[in-house]
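Notes follow once the structure below has been shown.
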Amino acid sequence: MNEFVEKNRGLLRFYCIAARTMGWTLIIVAPLLAIVGLFIGLPVIGLPSGERLRPWMLYRLSEQVILDLLLGLVMLGLAQFVRYSYENDCQPGWILRHGDKALYSYAAGVIVSPIVWYFFQMTIHSRDLTDTLWFFVSGELPALGRGLIYVGIGQVLRRMVPIIEESKTLV
């Protein structure tokens with residue numbers, strides 16, 4: 001691993017800067033777009049001009065902002081992981097130490113979001129829940145797969161940080 005790090009130090013530094021930039025961009029821009037979209041009501045949030053905000057639009061907007069914020073934290077954790085792997089004197093940051101919990105939260109949000117959306121739609125449209133069961137299943141299965149991927153990445157992260165730390169003390 002040390003040989004790989006030495007050969008690709010410049011590339012790893014580029015990845016670290018790119019991940020940090022994307023993470024901070026997501027954390028800053030997502031709430032700003034939501035605020036601008038709510039006050040201006042333009043197609044910034046997918047709302048045609050002149051149409052009033054509806055409850056489902058606010059739900060989707062808040063859901064997207066929360067997921068973007070969590071994804072921004074995941075990206076900052078990735079940047080810390082890359083930096084931690086290529087710098088010898090770097091200690092794992094707070095996000096890296098607790099990154100598995102951020103990944104688990106993101107996974108929960110990805111999995112729960114279609115469920116909440118389904119019941120939200122059923123209460124708005126007052127339909128029988130079996131009418132759109134196919135749409136629920138077709139939306140939930142990919143979300144479940146994405147969520148399980150994030151849980152797996154969280155498990156890998158939780159186990160990799162101590163291994164990297166131990167390998168740094170051996171060298």
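Just so it is clear, the structure is predicted and the values come from calculations on it, not from any experiment. We number each residue from 1, following the sequence as shown.
Taking OH of Tyr106 as the start and CD1 of Ile111 as the end, the distance is 11.5 Å to the nearest 0.5 Å. Note that the CD1 atom of Ile27 and the CG atom of Leu71 stand 9.5 Å from one another [nearest 0.5 Å]. Rounding to the nearest 0.5 Å places CE of Met160 at 13.0 Å from CD1 of Ile153. Going from atom CG of Leu73 over to atom CH2 of Trp94 covers 7.5 Å, rounded to the nearest 0.5 Å. Leu12 CG to Tyr84 OH: the interatomic distance, rounded to the nearest 0.5 Å, is 15.0 Å.
When hydrophobic clusters are built by joining Ile, Leu, Val, Met, Phe, Trp and Tyr residues whose side-chain heavy atoms come closer than 4.5 Å, directly or via intermediates, Val151 is not grouped with Leu157. Leu103 and Leu148 end up in different hydrophobic clusters when Ile, Leu, Val, Met, Phe, Trp and Tyr side chains are linked at under 4.5 Å. Note on Leu76 and Ile17: separate hydrophobic clusters, where clusters join Ile, Leu, Val, Met, Phe, Trp and Tyr whose side-chain heavy atoms are under 4.5 Å apart, directly or indirectly. In the hydrophobic clustering of this structure, Tyr104 does not group with Val156; members are Ile, Leu, Val, Met, Phe, Trp, Tyr whose side-chain heavy atoms approach within less than 4.5 Å, directly or through other members. Hydrophobic clustering of Ile, Leu, Val, Met, Phe, Trp and Tyr side chains at less than 4.5 Å, counting indirect connections, keeps Leu144 apart from Tyr150.
Of the residues listed (Leu70, Val110, Ile66), the one engaging Ser105 in a side-chain contact (heavy atoms from CB on, under 4.5 Å) is Leu70, and it is the only one.
Closest of all the heavy-atom pairs between Asp100 and Arg158 is OD2-CD, 3.3 Å. Closest heavy-atom contact between Ala30 and Asp68: CB-CB, 3.6 Å. Contact record, Cys16 with Arg83: SG-CB, 3.7 Å, taken as the closest heavy-atom pair. Taking both residues in full, the closest heavy atoms of Val82 and Tyr15 are given as CG1-CB, 4.4 Å, listed atom of the first, atom of the second, then distance. Of all heavy-atom pairs spanning Leu26 and Leu69, the tightest one is O-CD2, 4.5 Å.
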